[in-house]
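Have a look at the structure below before the remarks.
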Amino acid sequence: KALRGLDLQTGFFTFKQIKAATNNFDPINKLGEGGFGSVYKGILLDGTIIAVKQLSSKSKQGNREFVNEIGMISGLQHPNLVRLYGCCVESNQLLLVYEYMENNSLARALFVPEESPLKLDWPTRQNICIGIARGLAFLHEESALKIVHRDIKTTNILLDRDLNSKISDFGLAKLDEEENTHISTRVAGTIGYMAPEYALWGYLTYKADVYSFGVVALEIVAGKNNTKYRPNENFVCLVDWALVLQQKGELLELVDPRLGSDVSEEEAIRMIKVALLCINAAPALRPTMSAVVSMLEGRTAVHE
Ligand code: ACK
């Protein structure tokens with residue numbers, strides 16, 4: 001019944017097809033693990049490379065998020081959303097089949113030291129940031145469904161072969177209903193990225209995604225993980241540090257030193273200022289995602 005809304009553009013795969021594509025879930029093809037289970041790389045008979053998400057346990061929670069994910073993104077197509085090709089619900093299997101993203105997650109590219117830091121030069125980081133903003137603007141404003149993602153963070157942003165960014169993991173996504181407001185009884189998301197009004201009171205609007213985006217944008221500029229970065233003993237995270245630097249008028253201190261002279265100071269300051277607007281404690285004062293896109297592209301000025 002939950003699959004009733006499945007869009008025709010999203011197909012069903014047989015378990016046999018998936019087994020053949022992943023070489024029977026060969027550990028060599030394992031791309032990684034999430035809270036839900038494992039992700040495998042596979043190749044379909046027509047040569048399409050896919051990523052298969054396999055739900056590990058039969059937990060009710062996992063099931064609900066799995067079905068939710070299908071319902072949310074089946075049929076949704078945008079260059080900055082990871083495309084869902086289909087699913088497999090055969091022989092007690094719950095599998096989601098996505099387009100394969102060659103360059104893994106943004107978190108890995110930004111924070112894992114073994115990954116070449118210069119893979120993400122300044123123009124690439126800008127493009128990644130604008131891509132995430134465009135994907136979110138589409139979810140919030142253009143998609144017929146008006147979706148709040150609820151779990152925007154660097155591990156949920158994947159990078160394709162050309163390092164374009166796409167949003168993934170719609171397990172927690174919600175439809176934005178009734179005056180854009182929703183009081184959640186179960187607050188789900190990730191510490192460090194959750195908007196304060198949502199984390200504290202379960203007050204959910206699309207502005208919660210805008211806040212999370214702001215944290216991600218700061219992480220992109222700084223090349224540092226918000227909650228794992230302690231600039232000194234007085235500050236517990238990147239966000240706090242950014243707010244202090246804003247007061248001192250020293251925003252450039254935030255810029256990732258690995259970027260060297262590659263970075264345009266004007267563009268870096270602009271990205272940081274946009275991020276700071278997004279993490280405003282008052283949801284009403286945060287910009288919409290289409291306004292964010294426009295500011296990042298330099299089409300409109302950033303009003304502080
Ligand atoms: O940073 P990663 O290697 O990129 O670690 C995670 C892991 O699986 C668990 O989510 C990777 N992953 C998820 N979806 C895809 C995909 N569509 N293409 C490639 N890798 C993926 C992700």
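Sequential numbering from 1 along the given sequence is applied to the chain's residues. One-based numbering, in listed order, for ligands and for the atoms of each.
- Asp121 and Thr124 form a side-chain donor-acceptor contact under 3.5 Å, judged by distance and modelled atom types alone.
- No salt bridge links Lys207 with Glu197; every basic N to acidic carboxylate O contact stays at or beyond 4.0 Å.
- Under the 3.5 Å distance criterion, with hydrogens and angles disregarded, a donor-acceptor pair is assigned to the side chains of Tyr193 and Thr154.
- For Tyr40, the ring-ring contact (aromatic ring centres under 6.0 Å, His included) partners are Phe25, not counting sequence neighbours.
- Contact residues of ligand 1 (protein heavy atom closer than 4.0 angstrom to a ligand atom; sorted by chain and number): Leu31, Gly32, Glu33, Phe36, Val39, Ala51, Tyr98, Glu99, Tyr100, Met101, Asn104, Ser105, Arg108, Leu158.
- Applying the ring-ring contact (aromatic ring centres under 6.0 Å, His included) criterion to Phe13, with sequence neighbours excluded, gives no partner residue.
- Scored by the side chain to side chain contact (heavy atoms under 4.5 Å, CB included) test, Glu265 finds Leu252 as partners (sequence neighbours excluded).
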